[in-house]
*Asks:* 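Below is a structure I'd like to ask you about.
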There are 2 protein chains.
Amino acid sequence: MQDQTDRLTRALRAAGVRITRQRAVLLDVLAETEDHPDAVELHRRAEPRVPGLSLSTVYRTLSALEEQGVIQRHQFEGAPARFERAESAHHDHMIDVETGEVVEFRSDRIEELQARIATELGYEIVHHRMELYVRKRRG
Amino acid sequence: MQDQTDRLTRALRAAGVRITRQRAVLLDVLAETEDHPDAVELHRRAEPRVPGLSLSTVYRTLSALEEQGVIQRHQFEGAPARFERAESAHHDHMIDVETGEVVEFRSDRIEELQARIATELGYEIVHHRMELYVRKRRG
DNA sequence: ATGCAGTTGCAAGTCATTTGCAACAAAAAT
DNA sequence: ATTTTTGTTGCAAATGACTTGCAACTGCAT
Ligand SMILES: [Mn+2]
Ligand SMILES: [Mn+2]
Ligand SMILES: [Zn+2]
Ligand SMILES: [Zn+2]
């Protein structure tokens, strides 16, 4: 885990991205993250460890990390962007419309069908997004 | 086509939505629409027929019509919302990342799989969105 | 240790969309 | 047809989520 982080910071530095105190902390926070927090939530989690950390720095860091492929940004309906590490394999999301909770899932079958559809229409997929807005089935 | 419009305005009036000159024109513009225009584009198309039409009225009308289920709003990546009539059957979209052009498609197979996935995880789908960001295959 | 290019906090700006408000106009009621 | 009621309009100002200019700072390669 320490070397994971080390490799990452090394790669970032190599790309001309400086690992400042605020970025190191944000990377730590993201590493500990199990959910899909937004910028304000990440700031809330990081600020105690870098007093004075500004929200613009959080936004700027998130953009830099996204650009480096370290994290992914998700723009769900009617909510600020939410983030997660990019290390895990591709998956799509279900959003509980009542709680905002995010559940991940993956369907190779669907991914296949998407690719086929695009191909048949003369396109290639650059990226896609598929979100299921759901509610808990009661009964 | 005249009675189509008539039935619609009747239904809207019944719901307490007044058919003002600006709304009548916007409904006409939407009826003629073959693409997925945004609010500014709709304003551009409608204003000549209602000189002085304000953009806020366009936004307010679009919200009202969406609420009444007359139109659908799509929030594609990094762009203002785009609209289309809601009369047609459900379909999803491919967005050409180079031109912004929107292509519609539908896969019953995918819809089925989505429903199954949600069910298996204990949820029911309220609505979903699936967008393929593509580029023309050259070759 | 040093220099410079990348980074920070803060204030101000941007963009798409929403909202308060007083004048106005559909549709209802008379 | 006129009045009354209540939804709607244009305009200006506000909102929310970010983004950006700038001068004071650091990382960090040398
Ligand atoms: Mn995820
Ligand atoms: Mn469509
Ligand atoms: Zn997917
Ligand atoms: Zn669909």
Side-chain angles (χ1 to χ4, degrees), chain A residues 5-6 8-27 29 36-44 46-68 70-83 100, chain B residues 5-6 8-27 29 36-44 46-68 70-83 100:
Chain A
T5 302
D6 247 40
L8 182 55
T9 58
R10 203 158 320 214
L12 287 171
R13 244 194 311 261
V17 176
R18 291 187 183 168
I19 307 306
T20 60
R21 173 143 183 61
Q22 17 284 86
R23 286 182 177 174
V25 167
L26 278 168
L27 282 170
V29 168
H36 297 74
D38 62 23
V40 170
E41 175 60 22
L42 286 167
H43 179 263
R44 209 186 320 277
E47 203 275 343
R49 305 188 214 175
V50 202
L53 172 66
S54 80
L55 190 52
S56 7
T57 291
V58 173
Y59 277 117
R60 273 189 291 231
T61 297
L62 290 171
S63 292
L65 294 181
E66 185 191 16
E67 214 160 297
Q68 296 303 317
V70 175
I71 62 174
Q72 278 187 29
R73 175 193 304 259
H74 300 296
Q75 193 69 254
F76 299 140
E77 275 185 10
R82 302 173 68 162
F83 303 83
Chain B
T5 301
D6 247 40
L8 182 55
T9 58
R10 202 161 319 216
L12 287 171
R13 245 195 311 264
V17 176
R18 289 184 185 172
I19 307 306
T20 60
R21 174 144 183 57
Q22 17 283 88
R23 285 180 177 174
V25 169
L26 278 168
L27 281 170
V29 169
H36 297 74
D38 62 23
V40 169
E41 176 60 24
L42 287 167
H43 179 262
R44 208 186 322 275
E47 203 274 346
R49 305 188 215 175
V50 203
L53 172 66
S54 79
L55 189 52
S56 8
T57 291
V58 173
Y59 276 116
R60 273 189 290 233
T61 298
L62 290 172
S63 293
L65 295 181
E66 185 190 16
E67 213 160 299
Q68 296 302 316
V70 175
I71 62 174
Q72 278 186 29
R73 176 192 304 257
H74 299 295
Q75 193 69 254
F76 299 139
E77 278 185 9
R82 302 173 69 163
F83 302 83

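All chains are named by letter (A, B, ...) in the order of the sequence lines, taking the proteins before the strands, and each is independently numbered beginning at 1.
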*Asks:* Who are the side-chain contact (heavy atoms from CB on, under 4.5 Å) partners of B/Tyr59, not counting sequence neighbours?
*Replies:* B/Ala39, B/Leu55
*Asks:* Verify, without hydrogens or angle tests, whether B/His43 (side chain) and B/Val58 (backbone) share a donor-acceptor contact under 3.5 angstrom.
*Replies:*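 Checked: no pair found.
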*Asks:* Nearest whole angstrom, please: distance from the C1' of C/dC24 to the CZ of B/Arg23.
*Replies:* 14 Å
*Asks:* Please name the pair of heavy atoms, one in B/Arg73 and one in B/Ala81, separated by the smallest distance, quoted to 0.1 Å.
*Replies:*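 Minimum heavy-atom separation between B/Arg73 and B/Ala81: CG-CB, 3.8 Å.
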*Asks:* What is the distance from CD of B/Glu77 to C1' of C/dA16, rounded to the nearest Å?
*Replies:*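 My rounded result for the distance is 17 Å.
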*Asks:* Let me know the distance between CG of B/Leu62 and C1' of C/dA16, rounded to the nearest Å.
*Replies:*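 One finds 13 Å between C1' of C/dA16 and CG of B/Leu62, rounded.
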*Asks:* Write down the distance between CG (B/Leu12) and P (D/dG7), rounded to a whole number of angstrom.
*Replies:*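 Interatomic distance, CG of B/Leu12 to P of D/dG7: 15 Å.
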*Asks:* Could you state the atom-to-atom distance from CG of B/Leu65 to P of C/dT17 in whole Å?
*Replies:* 15 Å
*Asks:* Does anything in residues 46-61 of chain B pair up under salt bridge (charged side-chain N to carboxylate O under 4.0 Å, His left out), and if so which pairs, sequence neighbours excluded?
*Replies:*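 Sorted pair list: B/Glu32-B/Arg49.
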*Asks:* Can you check whether B/Ile19's main-chain N or O pairs, donor with acceptor, with B/Arg13's side chain at less than 3.5 Å?
*Replies:* no
*Asks:* How far does NE2 of B/His36 sit from CZ of B/Phe83, to the nearest 0.5 angstrom?
*Replies:*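 Going from NE2 on B/His36 over to CZ on B/Phe83, the span is 12.0 Å.
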*Asks:* Let me confirm one number: the CG-CG distance from A/Leu12 to A/Leu8, rounded to the nearest 0.5 Å.
*Replies:* 4.5 Å
*Asks:* To the nearest 10 degrees, how far apart in direction are the end axes of the helix from C/dA1-D/dT30 to C/dT30-D/dA1, each fit to five base pairs?
*Replies:* 30°
*Asks:* Whole angstroms only, please: what is the CZ-P distance between B/Arg10 and C/dA27?
*Replies:* 12 Å
*Asks:* What is the distance from atom CD of B/Glu41 to atom CZ of B/Arg82, rounded to the nearest 0.5 Å?
*Replies:* 9.5 Å
*Asks:* Roughly how far, to the nearest 0.5 Å, is the CG atom of B/Leu62 from the CD atom of B/Glu67?
*Replies:*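 One finds 12.0 Å between CD of B/Glu67 and CG of B/Leu62.
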*Asks:* Spell out protein contact along nucleotides 25-30 of chain D as letters: B when the base is contacted, S when just the sugar-phosphate is, - when no protein heavy atom is under 4.0 Å; keep the 5' to 3' order.
*Replies:* -BBSS-
*Asks:* Show the nearest heavy-atom pair for residues A/Leu42 and A/Leu26, with the distance to one decimal.
*Replies:* O-CD2, 4.4 Å
*Asks:* From B/Leu65 CG over to B/Leu27 CG, what is the distance, rounded to the nearest 0.5 angstrom?
*Replies:*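 Here the interatomic distance stands at 5.5 Å.
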*Asks:* Just verifying a value: how many Å separate A/Arg23 CZ and A/Thr61 OG1, rounded to the nearest 0.5 Å?
*Replies:* 5.0 Å
*Asks:* List the protein contact pattern of nucleotides 13-21 of chain D with one symbol per nucleotide (5' to 3'): B for base contact, S for sugar-phosphate-only contact, - for none; contact means a heavy-atom distance under 4.0 Å.
*Replies:* ----SSBBB
*Asks:* Between A/Pro80 and A/Asp38, what is the shortest heavy-atom contact and its length?
*Replies:* CG-OD2, 3.7 Å
*Asks:* Could you state the atom-to-atom distance from CD of A/Glu47 to C1' of C/dC10 in whole Å?
*Replies:*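 Atom-to-atom, A/Glu47 to C/dC10, this comes out as 15 Å.
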*Asks:* Identify all pairs in which a protein N or O lies below 3.5 Å from an N or O of nucleotides 12-14 of chain C, and state each distance.
*Replies:*
none

